[in-house]
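Okay, structure first, notes after.
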Amino acid sequence: MNFRYAIFDMDGTLLDSIPYWDRLVPEFLSQYGAEAAAELNQEMSAMSMEESALWLKKRFSLAEPAEQIIKTLCDRIGRNYEQDIPLKPGVKEWLAFLQEQGVRMCVATASSAELGRPALLRCGVLPYFDFLADCGMVGVGKSSPAVYELAAEKFGAQAFECVVVEDAAFALKTAKEAGFLTVGVYEPSEADQESVRKYSDWYVRKGKTLSDLGMI
């Protein structure tokens, strides 16, 4: 066994939620008559929810306080987590397999952990995780390894004992450079698959699922 602990990203890795997030901010900005550039979501992908709200407020000169922006966005996407957003294929099977092997697991997300909890519960995978963590708990997005280090600390583990499972190239780079093992998962919204492969110890390519990995 190559690792004892697994730290899972949520959006785009466990949950097929990226299309919902891609629509969220443009629809939010449209109420102000503002148009989101095509690269907007990519620019925001490395940010925590708090960082995203502050960035949107400054970028589009929004009068609302950042706290209200977060609440509005969370209320909108929260309904999707509660009702619509599915697991990505193969996720439940691999989680069950890892649990059988004695691997302890958690979620470390840039969005709100509590926001995603209803989807994880509805999809039947919440019991696999010891805990849920998010970047709001450490005050910085995944351009810093802080949320992964928090997860390792909660496990009582060292980085080299943990695998970080992610779909975003920048997050895999962050985790890899901080000493974590990494699994990169193909996600169509991530254009830089070359970097995903580069920073992954194991890579789930297009057309494959996490369950194809077996006990890596």
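Position 1 is the first residue of the sequence, and the numbers go up from there.
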Looking at every heavy atom in both Ser111 and Thr109, which two are closest together, and how far apart are they? OG-OG1, 2.9 Å
Which residue pairs pass the side chain to side chain donor-acceptor pair (under 3.5 Å) test when at least one of the two sits in residues 120-139, sequence neighbours left out? Arg104-Asp130
Shortest non-hydrogen pair, Val140 vs Ala146, comes out as CG1-CB, 3.9 Å
Is Val183 reachable from Tyr203 through a run of hydrophobic residues whose side-chain heavy atoms are each under 4.5 Å from the next? no
Answer yes or no: is there a side-chain heavy-atom contact under 4.5 Å between Leu56 and Leu73? yes
Is there a chain of hydrophobic side chains (I, L, V, M, F, W, Y, each step under 4.5 Å between heavy atoms) that links Ile70 to Trp55? yes
Hey, are the side chains of Asp201 and Lys176 touching, using non-hydrogen atoms and a 4.5 Å cut-off? yes
Side-chain contact test, heavy atoms from C-beta onward, threshold under 4.5 Å: evaluate it for Val204 versus Asp212 and give yes or no. no
Residues Lys173, Ser195; criterion side-chain contact (heavy atoms from CB on, under 4.5 Å); working and verdict: CA-CA 8 Å; Lys173 180 176 185 291; Ser195 291; over 6 Å; no
Measure from the side-chain N and O atoms of Gln158 to the backbone N and O of Phe160, and report whether any donor-acceptor pair falls under 3.5 Å. no
Enclosure of Glu153 CD (heavy-atom neighbours >12, cutoff 6.0 Å): no
Would you call Glu166 and Thr182 a side-chain contact if the rule is heavy atoms closer than 4.5 Å? no
Rounded to the nearest 0.5 angstrom, the CG-CD distance for Leu115 and Glu82 is 8.5 Å
So if you build clusters from Ile, Leu, Val, Met, Phe, Trp, Tyr with side-chain heavy-atom gaps below 4.5 Å, do Leu213 and Val163 land together? yes
Under a 3.5 Å distance rule, please check whether Lys88 uses its side chain to pair with a backbone N or O of Gly12 as donor and acceptor. yes
Between the CG atom in Leu15 and the CG atom in Asp84, the distance rounded to the nearest 0.5 Å is 12.0 Å
Please report the C-alpha distance between Ile69 and Leu62 in whole Å, then the side-chain angles of each, then the deciding distance to 0.1 Å, and finally whether the side-chain contact (heavy atoms from CB on, under 4.5 Å) criterion is met. CA-CA 9 Å; Ile69 294 172; Leu62 303 179; 3.8 Å; yes
Taking the ring of Phe170 and the ring of Tyr199, is the distance between their centroids below 6.0 Å? no
State plainly whether the residues Arg79 and Asp75 are in salt-bridge range, i.e. N to O under 4.0 Å. no
Per the side-chain contact (heavy atoms from CB on, under 4.5 Å) rule, which among Leu132, Val147, Leu150 passes with Met137? Leu150
Heavy atoms only: give me the nearest Cys123-Leu87 pair and the separation to one decimal. CB-CG, 3.5 Å
Do Leu14 and Val125 touch side chain to side chain, with heavy atoms closer than 4.5 Å? no
Give me the atom names and distance for the closest heavy-atom approach of Leu172 to Gly184. CD1-CA, 3.7 Å
Donor-acceptor pair, Ser211 side chain versus Trp94 backbone, under 3.5 Å? no
With a sphere of 6.0 Å drawn around CD of Glu194, does it hold more than 12 non-hydrogen atoms of other residues, nucleotides or ligands? no
For the CD1 atom of Ile18 and the OG1 atom of Thr13, what is their distance to the nearest 0.5 Å? 8.0 Å
Please assess Leu95 against Phe8 for the test side-chain contact (heavy atoms from CB on, under 4.5 Å), listing each intermediate value before the final yes or no. CA-CA 10 Å; Leu95 295 179; Phe8 284 86; 3.6 Å; yes
Should Tyr81 and Met10 count as side-chain neighbours, where that means a heavy-atom distance under 4.5 Å? yes
Test side-chain contact (heavy atoms from CB on, under 4.5 Å) on Lys142 and Asp9; report intermediate values, then the result. CA-CA 10 Å; Lys142 289 181 177 178; Asp9 171 55; 2.9 Å; yes
How long is the span from the SG atom in Cys162 to the CD atom in Glu149, to the nearest 0.5 Å? 10.5 Å
Interatomic distance, Phe3 atom CZ to Leu181 atom CG [nearest 0.5 angstrom]: 8.0 Å
Would you name the heavy atoms of Lys57 and Ala66 that are closest together and state the gap between them? CD-N, 4.1 Å
Gap between atom OG of Ser52 and atom CH2 of Trp21 - 0.5 Å precision: 8.0 Å
Glu114/Ser112 under side chain to side chain donor-acceptor pair (under 3.5 Å): CA gap, chis, key distance, verdict: CA-CA 5 Å; Glu114 291 309 307; Ser112 164; over 6 Å; no
Do the side chain of Glu190 and the main chain of Val196 share a donor and acceptor less than 3.5 angstrom apart? no
Taking Ile77 as the starting point, is it possible to reach Leu54 by hopping between hydrophobic residues whose side chains are less than 4.5 Å apart? no
Restricting to non-hydrogen atoms, name the atom on Cys106 and the atom on Ala151 that form the minimum distance, rounded to 0.1 Å. SG-CB, 3.7 Å
Parallel, tilted or perpendicular, as decided by the 30° and 60° cut-offs, for the rings of Phe155 and Phe131: tilted
